[in-house]
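Everything on this sheet refers to the single structure shown next.
We use all heavy atoms of the structure for the numbers below, so side chains are in, but hydrogens, waters and symmetry mates are not. Throughout, a chain's letter reflects where its sequence line sits, starting with A, and its residues are numbered from 1.
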Number of protein chains: 4
Amino acid sequence: MNKKRAVHASVKDERLVNIRRTQMIRGAVALFKEKGFHRTTTREIAQAAGFSIGTLYEYIRTKEDILYLVCDSIYDQVRERLQGMDLEKGTLESLKLGIAYYFNIMNEMQDEVLVMYQEAKSLSKDALPYVLKKEMEMVGMFETLIRRCIENGELIMDDQHIDLLAHNIFVQGQMWGFRRWALKKNYSIEEYIVLQTNLLFKGIAEFEI
Amino acid sequence: MNKKRAVHASVKDERLVNIRRTQMIRGAVALFKEKGFHRTTTREIAQAAGFSIGTLYEYIRTKEDILYLVCDSIYDQVRERLQGMDLEKGTLESLKLGIAYYFNIMNEMQDEVLVMYQEAKSLSKDALPYVLKKEMEMVGMFETLIRRCIENGELIMDDQHIDLLAHNIFVQGQMWGFRRWALKKNYSIEEYIVLQTNLLFKGIAEFEI
Amino acid sequence: MNKKRAVHASVKDERLVNIRRTQMIRGAVALFKEKGFHRTTTREIAQAAGFSIGTLYEYIRTKEDILYLVCDSIYDQVRERLQGMDLEKGTLESLKLGIAYYFNIMNEMQDEVLVMYQEAKSLSKDALPYVLKKEMEMVGMFETLIRRCIENGELIMDDQHIDLLAHNIFVQGQMWGFRRWALKKNYSIEEYIVLQTNLLFKGIAEFEI
Amino acid sequence: MNKKRAVHASVKDERLVNIRRTQMIRGAVALFKEKGFHRTTTREIAQAAGFSIGTLYEYIRTKEDILYLVCDSIYDQVRERLQGMDLEKGTLESLKLGIAYYFNIMNEMQDEVLVMYQEAKSLSKDALPYVLKKEMEMVGMFETLIRRCIENGELIMDDQHIDLLAHNIFVQGQMWGFRRWALKKNYSIEEYIVLQTNLLFKGIAEFEI
DNA sequence: TATGAATGAGTGTTCATTCAT
DNA sequence: CATGAATGAACACTCATTCAT
């Protein structure tokens with residue numbers, strides 16, 4: 001189903017490949033967070049992962065593979081956590097809960113999301129589609145959430161509004177991470193969730209006198 | 001007021017400095033757009049600007065200076081264009097017009113905004129604040145727009161909602177640029193403006209049955 | 001008599017050492033032929049030989065050992081095949097036959113000879129003498145062939161001419177291999193043998209008017 | 001006429017390019033002679049040439065370019081020196097002189113020829129044809145020498161013999177270089193010339209009793 | 001004996017920056 | 001002021017070799 005872009009490893013033992021790659025990704029995320037993909041050395045990544053540069057290259061082919069692996073892993077983690085969301089209920093209340101749930105995940109995975117957000121563009125034309133596809137899947141989850149409300153007779157909304165609304169929710173989740181320098185000084189994540197939910201649901205009009 | 005971070009130039013003739021930097025920025029934007037800051041070499045920038053690498057370094061100290069100059073220039077352009085907005089009227093209609101106006105600018109300056117958006121993080125800890133400050137100023141313009149509505153008695157909204165709403169508008173403008181791969185296939189900028197305005201003003205509740 | 005340079009093996013079972021080394025040489029020749037000694041990795045050789053890199057190193061000490069083994073083996077094969085030559089007859093006719101016989105072998109072992117020819121120089125100062133000695137032995141066979149003619153009263157020739165003539169024959173055999181890009185388009189091996197024999201025996205003078 | 005494969009240089013000043021490349025080639029030949037192309041480092045070449053690794057790469061694109069430049073330069077030197085040969089006379093005597101002349105050049109350029117001889121095969125499929133073409137041109141000079149004798153009525157010889165004879169002369173010249181370990185202990189270059197001329201002209205038959 | 005994961009010195013190459021002209 | 005040749009630190013990546021299992 002989820003066809004992945006395979007990253008070649010010289011080492012055969014798949015269990016070991018997973019272990020090493022996990023170490024690698026953990027180290028890489030920390031470094032990318034700190035200095036970005038381009039300013040991070042493969043040697044630094046190897047060191048952060050706890051093995052030699054030679055070993056690193058037993059598990060990847062190019063530096064860019066690491067970035068792909070990182071992005072891929074972050075998406076998987078996010079998606080896995082999003083599985084907890086109840087997509088089926090189809091009430092506005094469950095939509096609100098879904099949003100809150102998602103925003104909380106974004107808050108917890110702030111660093112990872114920031115990394116992926118800022119570095120994904122460095123992926124080659126080859127790897128990019130795989131990452132974008134995953135993003136679309138996640139946007140798709142919000143679309144589903146909204147559509148269920150419609151099917152459930154709680155909402156009437158055309159496709160274009162649905163699509164954009166889903167995008168907005170998705171971006172607002174990321175926004176908490178990539179604009180934290182501006183947002184955090186004003187509100188906590190809980191407040192952020194409340195405020196955004198207000199704006200999303202009520203709209204400006206609601207604030208009219 | 002607008003204290004700029006000075007970028008050192010060896011050349012004294014200020015008029016010349018401006019000319020050369022303009023050439024430099026134009027070339028750099030095109031290149032950054034195409035391959036990003038890190039994959040662009042100073043030589044390429046010099047060539048694109050129409051002078052030698054030696055000359056380039058008469059007008060800057062480091063490669064990062066160029067990035068700062070580029071970001072700075074893009075912000076200036078955006079702000080200059082935003083001056084056309086009528087901040088004073090204080091009606092919801094003028095807020096809508098302001099949003100549309102801004103979104104249109106973002107559409108026209110798509111490439112520049114994308115560049116700045118993706119590369120700004122590569123700025124040194126030294127230069128970043130200057131850029132963030134400019135961003136805050138722009139968000140501030142939307143805040144003003146909203147506050148005028150309140151002062152004008154068209155709206156009642158607390159500071160936190162105002163602040164977040166301004167951020168949302170600002171991000172949604174940029175979003176048209178950095179998510180065009182997903183948005184453009186579904187709607188034109190005109191449609192995007194209408195849809196976003198709908199969502200911003202009406203909120204989800206409005207779509208309730 | 002034929003003191004070989006010993007190549008150390010960790011494995012004791014000599015029969016096994018021979019088996020493994022034969023596999024190894026076969027694989028290595030094919031690879032050297034294709035990409036040369038330096039561009040071939042030990043891993044590739046191990047794989048081509050059908051065992052792991054670890055096993056490879058149970059039978060050699062360094063990569064260069066493989067080259068030595070390859071050269072050694074090729075020489076042995078050539079010499080073995082040259083045993084079929086009748087060195088004793090001592091007639092010009094048998095000299096001609098010997099040359100033809102040798103050229104045919106060179107034609108059949110073209111690839112191997114080319115490999116050895118081009119890569120032997122990569123042998124260490126340590127191993128080179130062993131290989132050169134074998135080459136001298138082969139040249140010596142032609143010398144013997146010529147000397148038998150002299151002893152038989154068919155020829156009068158001093159040592160220097162004998163020595164150089166033997167070298168020429170030897171080199172002309174190799175030449176068919178290492179200059180095939182130029183020679184093959186003009187003649188077949190049979191023609192080559194006839195032509196070279198003509199030139200060797202008749203000399204230019206014979207073509208004088 | 002002599003279309004060369006262009007090797008890219010970043011530096012524009014053609015005079016300087018020539019100077020630097022001459023330094024580079026001189027250094028490279030010495031190193032290749034000693035340790036071969038593959039075992040020689042670009043850094044070593046730069047150092048031997050008297051400049052930094054960075055500078056080296058201002059005048060070439062890849063390490064292989066150096067090898068091409070070296071081969072190219074050697075051929076040019078050899079050919080230039082061969083211009084001194086009188087190709088036109090058309091007597092057997094002048095053919096002998098030509099051979100002697102060529103052998104002497106090969107003796108003097110022994111090291112260079114050896115290098116080119118052993119390393120040319122490392123040239124890419126891209127560069128090889130250019131080098132082979134030059135070699136054919138040199139063989140062609142001997143062909144001309146022979147053909148002139150024929151035209152002059154001194155010789156009757158068909159095309160295949162002419163071609164092979166020219167090749168033989170060419171290879172015997174190189175042979176003095178690449179088999180010096182075997183030849184030098186037996187004779188000087190002067191003796192080598194006399195002996196080879198004897199064998200070439202008289203042929204074995206002449207030594208018959 | 002056989003395996004293959006681990007190692008790290010070494011390699012080709014790039015590129016920001018300097019400075020003599 | 002303008003130029004562009006020179007520099008060398010730094011980087012991604014390779015591969016012969018080892019050694020625990």
Side-chain angles (χ1 to χ4, degrees), chain A residues 9-13 16-17 19-20 38-47 50-66, chain B residues 9-13 16-17 20 38-47 51-66, chain C residues 9-13 16-17 20 38-47 50-66, chain D residues 9-13 16-17 19-20 38-46 50-66:
Chain A
S10 300
V11 171
K12 299 296 167 62
D13 182 341
L16 193 53
V17 171
I19 294 171
R20 292 281 177 268
H38 283 105
R39 292 198 221 274
T40 300
T41 305
T42 50
R43 276 180 159 77
E44 288 172 323
I45 296 170
Q47 192 175 30
F51 36 72
S52 72
I53 182 66
T55 300
L56 182 75
Y57 275 90
E58 291 285 313
Y59 295 92
I60 51 153
R61 267 230 225 284
T62 68
K63 188 187 177 190
E64 211 223 270
D65 280 348
I66 305 175
Chain B
S10 303
V11 172
K12 300 294 167 218
D13 181 342
L16 194 50
V17 170
R20 293 277 179 269
H38 282 104
R39 293 197 222 274
T40 300
T41 67
T42 51
R43 278 174 144 82
E44 288 171 321
I45 296 170
Q47 192 176 31
F51 38 72
S52 73
I53 181 67
T55 302
L56 183 77
Y57 273 87
E58 293 290 317
Y59 296 91
I60 52 153
R61 266 234 224 283
T62 69
K63 188 187 177 190
E64 212 224 86
D65 280 348
I66 306 175
Chain C
S10 301
V11 172
K12 300 296 166 216
D13 181 342
L16 193 51
V17 171
R20 292 278 179 269
H38 282 104
R39 294 198 221 272
T40 301
T41 67
T42 51
R43 277 175 145 82
E44 288 171 321
I45 296 170
Q47 191 176 30
F51 38 72
S52 73
I53 182 67
T55 302
L56 183 76
Y57 273 87
E58 293 289 319
Y59 296 91
I60 52 154
R61 266 235 223 282
T62 70
K63 188 187 177 191
E64 212 223 88
D65 280 349
I66 306 175
Chain D
S10 300
V11 171
K12 297 295 167 62
D13 183 341
L16 193 53
V17 171
I19 294 171
R20 292 281 176 269
H38 283 105
R39 291 198 220 274
T40 300
T41 305
T42 51
R43 278 177 163 79
E44 289 171 323
I45 296 170
F51 38 72
S52 72
I53 182 66
T55 300
L56 182 75
Y57 274 89
E58 291 286 313
Y59 295 92
I60 51 153
R61 267 232 224 283
T62 68
K63 187 186 178 192
E64 212 224 90
D65 280 348
I66 306 176

Response to the item:
B/Gln47 atom CD is separated from F/dA2 atom P, nearest whole Å, by 18 Å
Item to complete: Give the rounded distance in Å between these two atoms: CD1 of A/Ile19 and C1' of E/dA6.
Response: 15 Å
Practice prompt. For A/Tyr59 and for C/Val11, locate the closest nucleotide of DNA chain E by heavy-atom distance; then report the residue assigned to the nucleotide nearer the 5' terminus.
Written response: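 It is C/Val11, whose closest nucleotide lies nearer the 5' terminus.
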Worksheet item: When the nearest nucleotide of DNA chain F is assigned to C/Arg39 and to A/Thr40 on a heavy-atom basis, which residue is associated with the more 5' position?
Response: A/Thr40
Atom pairs, N/O to N/O, protein against nucleotides 17-19 of chain E, distance under 3.5 Å?
| unit_1 | atom_1 | unit_2 | atom_2 | d |
| --- | --- | --- | --- | --- |
| E/dT17 | OP2 | B/Tyr57 | OH | 2.8 |
| E/dT17 | OP2 | B/Lys63 | N | 2.8 |

Worksheet item: For B/Glu58, does the CD atom sit with more than 12 other heavy atoms under 6.0 Å from it, leaving out its own atoms?
Response: yes
Discussion item. Around atom CD of C/Glu44, are there more than 12 heavy atoms from other residues, nucleotides or ligands closer than 6.0 Å?
Written reply: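 Atom CD in C/Glu44 is packed in, count exceeds 12.
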Discussion item. Of the listed nucleotides (E/dA5, E/dT3, F/dT3), which one gets closest to any side-chain atom of B/Thr55?
Written reply: F/dT3
Worksheet, complete the sentence: Among the nucleotides E/dA5, E/dT1, E/dT3, whichever has the atom closest to the side chain of C/Leu16 is E/dT1
Practice prompt. Answer with base, sugar-phosphate or nothing: what part of the nucleic acid does D/Arg20 contact at a heavy-atom distance below 4.0 Å?
Written response: sugar-phosphate
Discussion item. Over all strands shown, is B/Ser52 touching base, sugar-phosphate only, or nothing at heavy-atom distances under 4.0 angstrom?
Written reply: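 If one applies the 4.0 Å heavy-atom cut-off, B/Ser52 turns out to touch a base.
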Discussion item. For DNA chain F, please output the secondary structure as dot-bracket, reading 5' to 3'. Pairs are Watson-Crick or G-U wobble, both atom distances under 3.5 Å; mark crossing pairs with [ ], other-strand partners with |, unpaired with a dot.
Written reply: .||||||||||||||||||||
